[in-house]
Number of protein chains: 2
Amino acid sequence: MTTAKLNAAPRPLSKQRLRLWLRLLRAARGIEGELRERLRKEYAITMPQFDVMAALARKQGGMNMTELSRMLMVSNGNVTGIIDRLAAEKLVLRQAPATDRRSFIVRLTPKGASQFAVVARAHEGWVDELLADFDAAEADHLIEMLGGLASSSRGETQS
Amino acid sequence: MTTAKLNAAPRPLSKQRLRLWLRLLRAARGIEGELRERLRKEYAITMPQFDVMAALARKQGGMNMTELSRMLMVSNGNVTGIIDRLAAEKLVLRQAPATDRRSFIVRLTPKGASQFAVVARAHEGWVDELLADFDAAEADHLIEMLGGLASSSRGETQS
DNA sequence: GCCAGATACTTTAAACCTAAAATATTTAGG
DNA sequence: CCTAAATATTTTAGGTTTAAAGTATCTGGC
């Protein structure tokens, strides 16, 4: 093949990027929907609640509300309700730091940590299954390519 | 370098896929958030409303509610409210087909179509800007890789 | 013609989500 | 010390989202 891509219409690059964005959004929605459904059916937990617990599990020292909202890329007001519900289930607790009475540290309770460990194992298996099309090299490549996107588009690099 | 990737820990593939999923979700959320904010600020329209209008603009004959909910990958009950609000703004209309009184066809009004054309042009420019890191070859490659994901994970291939 | 099941849409309840305003507290300048 | 600005969180209003239940209509078997 000397003339590459006979069937590809000569779209402008912006159209191609739009197409890429639609694919990206569609893939994320599809996987997210499937994971959400399994979390609900098998463990009676919502995805946002799982996301918060995952963030807390990675930071042993706990996090305040602002850190949580930034890490999960959701609005700060939103985190309040999610933490309220997790706290009502005794999966997390709010801890007042001595120095700053405006904020507090959110931590997993022992119950929350052990429950999360169980759900996280299943979650990893589901993701492994849903992304089974990607071998190690493709996954690496894709991770690399997606790397810069999120950080550059929201906040971080505003001068 | 004879031994490739000295710094990459020898993670199991499932961990790598999990990492990929987190990147994918983060990228999608970041871009989506940025687009949502611009749609709201510059054109006073929500992203779901824009998504519905985009779907309708591509299908000249209009679509019914079920088709819309499947194309946008949102629940059917959800579409009702979005169409209600668009209809209140006279951007879409519900048209009763002669044959089936359970359903109806949703179409863009002329006002809706012309308004969408304006917003869509801006939207394409924003996506072009936000995905500027990708050249044509990378975009093609990524589109290809993401292609199978969405369809395989929700519904379509259930036997 | 009748009726069981399928299909199309809406409604409901609960959770999520954002932006903006409100509240409380801390910090820094004077 | 006092106060303006910054920071941390909650509250509010409006919209989005899902799953499940409800209503209306259609279809096919009899």
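All chains are named by letter (A, B, ...) in the order of the sequence lines, taking the proteins before the strands, and each is independently numbered beginning at 1.
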| Is B:L24 close to A:L142 at the side-chain level, that is, under 4.5 Å between some pair of heavy atoms? | no
Can you give me every donor-acceptor pair (side chain of residues 62-73 of chain A, partner residue at least two apart or in another chain, under 3.5 Å) with its distance?
{"residue": "A:N64", "atom": "OD1", "partner": "A:T66", "partner atom": "N", "Å": "3.2"}
{"residue": "A:N64", "atom": "OD1", "partner": "A:E67", "partner atom": "N", "Å": "2.8"}
{"residue": "A:E67", "atom": "OE1", "partner": "A:N64", "partner atom": "N", "Å": "3.0"}
{"residue": "A:S69", "atom": "OG", "partner": "A:T66", "partner atom": "O", "Å": "3.1"}

| said: Hydrophobic clustering (ILVMFWY, side-chain heavy atoms < 4.5 Å, transitive) - are A:I105 and A:V92 grouped together? | reply: no
| message | Please tell me whether B:L93 and B:L56 are part of a single hydrophobic cluster in this structure, the criterion being side-chain heavy atoms less than 4.5 Å apart. | response | no
| query | Considering all heavy atoms of both residues, which atom of B:D100 and which atom of B:P97 are nearest to each other, and what is their separation? | reply | O-CG, 3.6 Å
| message | Please evaluate residues B:Q49 and B:L91 with respect to the criterion side-chain contact (heavy atoms from CB on, under 4.5 Å), reporting the C-alpha separation (whole Å), side-chain torsions for both, the decisive distance (0.1 Å), and the verdict. | response | CA-CA 10 Å; B:Q49 287 170 15; B:L91 297 171; 5.9 Å; no
Rounded to whole Å, please give me the gap between [atom1] in [X] and [atom2] in [N].
X      : N      : atom1 : atom2 : result
A:D100 : D:dT9  : CG    : P     : 8 Å
B:L72  : D:dT18 : CG    : C1'   : 15 Å
A:L68  : C:dC17 : CG    : C1'   : 16 Å
A:M73  : C:dC16 : CE    : P     : 19 Å

| message | Below the 4.0 Å mark, does C:dA19 have OP1 or OP2 next to a side-chain nitrogen or oxygen of B:R36? | response | yes
| request: May I ask you to evaluate whether B:R101 reaches the phosphate of D:dC26, defined as a side-chain N or O under 4.0 Å from OP1 or OP2? | output: yes
| Sub-4.0 Å heavy-atom contacts from residues 74-99 of chain B onto DNA chain C, ordered by number |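 Residues of residues 74-99 of chain B under 4.0 Å from DNA chain C: B:N76, B:G77, B:T80, B:R94.
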| message | Go through it in stages, so that I can follow the logic: the residues are A:R94 and A:D84, the test is salt bridge (charged side-chain N to carboxylate O under 4.0 Å, His left out), and I'd like the CA-CA distance, side-chain angles, deciding distance and then a yes or no. | response | CA-CA 10 Å; A:R94 288 170 158 107; A:D84 282 350; 2.8 Å; yes
| query | Taking five pairs at each end, how big is the angle between the two axes of the helix from C:dG1-D:dC30 to C:dG30-D:dC1, to 10°? | reply | 10°
| query | Hey, what do you get for CG (B:L25) to CG (A:D51), rounding to the nearest 0.5 Å? | reply |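 The CG atom of B:L25 sits 7.0 Å away from the CG atom of A:D51.
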| Straight-line distance of A:F134 CZ to B:L146 CG, nearest 0.5 Å |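 Answer for the CZ-CG pair, A:F134 versus B:L146, is 6.0 Å.
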Short N/O separations, protein against nucleotides 2-7 of chain D, under 3.5 angstrom:
{"residue": "D:dT7", "atom": "O2", "partner": "A:R102", "partner atom": "NH1", "Å": "2.7"}

| field | Pair B:R38 + B:E34: basic N to acidic O under 4.0 Å | value | yes
| request: Please determine if B:E32 and B:R36 form a salt bridge, counting it only when a charged side-chain N lies under 4.0 Å from a carboxylate O. | output: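 No, this pair does not count.
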| Of B:F50, B:Y43, B:F116, the residue whose pairing with B:H123 passes ring-ring contact (aromatic ring centres under 6.0 Å, His included) | B:F50
| message | Below 4.0 angstrom, which residues in residues 38-67 of chain B have at least one non-hydrogen atom near DNA chain D? | response | B:T46, B:P48, B:Q49
| said: Taking side-chain hydrogen bond (donor to acceptor under 3.5 Å, both in side chains) as the cut-off, I'd like each qualifying pair that reaches into residues 103-118 of chain A, sequence neighbours left out, listed once. | reply: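 side-chain hydrogen bond (donor to acceptor under 3.5 Å, both in side chains) check on residues 103-118 of chain A returns A:Q95-A:R107.
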